[in-house]
Amino acid sequence: MARIEQADLALKASVSVDTIKRLERTVGPVSANVATTEAIMRVLESAGVEFIGDEQPGVRQRKFRVGDLVRFRPQTTARAGTNIGADDVGTVIKVEGEQTYGVGYAMSVQFGDVPKHCFHYEFELVSPAGVVFTDGDALGIPRRSWNWFIETYRTGGTRPETVRYFADFKSTIARLSELKPSLRSGDILRVHAPSSATDSERDAIKAMGAVANL
């Protein structure tokens with residue numbers, strides 16, 4: 001569904017490939033710690049997978065939302081006759097609620113000054129709405145190099161309001177120091193780091209008052 005290779009998923013979630021393989025072989029409830037499952041779920045959600053938590057738990061393809069960053073799929077022909085590049089990223093500005101002619105739903109995407117109206121299957125998700133990339137033009141850097149991220153939880157929230165990705169510890173800790181003064185009572189900053197994080201880096205994150213999922 002998400003079209004992510006095991007090795008790529010493991011790298012982005014900062015877990016081993018063996019862990020991914022073991023979880024994929026599991027029938028029924030998985031046996032893994034909370035930090036591991038949350039990290040894997042977050043990577044899959046960023047790739048367009050939606051987890052269903054009702055009476056029959058499961059997964060489904062997430063519907064595009066206004067604010068999502070997308071690009072055309074490599075195999076599309078909908079880009080023909082436009083000046084939109086294969087790697088150009090656009091912002092979803094409108095999503096129609098119902099399927100049209102049984103083939104999917106239509107949506108409008110803004111590429112710079114160029115709006116494009118197509119069926120949803122012509123696009124692939126680059127980043128979901130609410131995810132904020134920092135440290136320069138992240139969209140031009142391979143996602144696998146962005147192993148640090150900070151989540152901002154507002155008071156009482158169960159899902160992060162924003163997720164900020166970083167390439168290294170230095171930029172992560174610098175952003176933590178900027179975010180901390182803007183927090184309201186009850187807000188939480190949660191930091192996820194790769195398994196290569198050192199003890200001193202972990203201690204520095206905790207010293208900033210952030211919750212460290214390491």
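Every value quoted in this text rests on a predicted model; they were computed, and no experiment measured them. Counting begins at 1 with the first residue of the sequence. No hydrogens, no waters, no symmetry mates; every other heavy atom, side chains included, goes into these values.
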Set of residues satisfying salt bridge (charged side-chain N to carboxylate O under 4.0 Å, His left out) with respect to Glu178, sequence neighbours excluded: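 With neighbours one apart ignored, the set is Arg175.
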Test salt bridge (charged side-chain N to carboxylate O under 4.0 Å, His left out) applied to Asp199 - qualifying residues, sequence neighbours left out: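 Counting only residues at least two positions away or on another chain, Asp199 forms a salt bridge (charged side-chain N to carboxylate O under 4.0 Å, His left out) with Arg202.
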Option among Val17, Ile20, Leu23 that satisfies the side chain to side chain contact (heavy atoms under 4.5 Å, CB included) test with Leu9: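 It is Ile20, the one option of Val17, Ile20, Leu23 that forms the side chain to side chain contact (heavy atoms under 4.5 Å, CB included) with Leu9.
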Donor-acceptor under 3.5 Å (Thr172 side chain, Ile150 main chain): no
Backbone N/O of Ile84 and side chain of Arg79: donor-acceptor pair under 3.5 Å: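 Yes, Arg79 side chain to Ile84 backbone: donor-acceptor pair under 3.5 Å.
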Pair Asp68-Thr91, side chain to side chain contact (heavy atoms under 4.5 Å, CB included): steps then yes or no: CA-CA 6 Å; Asp68 284 349; Thr91 303; over 6 Å; no
Sequence-distant partners of Phe64, ring-ring contact (aromatic ring centres under 6.0 Å, His included), two or more places apart: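 Phe64: no ring-ring contact (aromatic ring centres under 6.0 Å, His included) contacts found.
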Phe72 ring center within less than 6.0 Å of Phe123 ring center: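 Yes; Phe72 has its ring centre under 6.0 Å from that of Phe123.
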Within residues 107-117 or reaching into it, pairs that qualify as salt bridge (charged side-chain N to carboxylate O under 4.0 Å, His left out) - sequence neighbours excluded: none
Which residues share a side-chain hydrogen bond (donor to acceptor under 3.5 Å, both in side chains) with Thr76, sequence neighbours left out: Glu122
Partner residues of Gln110 under the side-chain hydrogen bond (donor to acceptor under 3.5 Å, both in side chains) criterion, sequence neighbours left out: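 Checked Gln110 against side-chain hydrogen bond (donor to acceptor under 3.5 Å, both in side chains); zero matches.
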Side chain to side chain contact (heavy atoms under 4.5 Å, CB included) between Asn83 and Val114, worked out: CA-CA 9 Å; Asn83 292 323; Val114 181; 5.9 Å; no
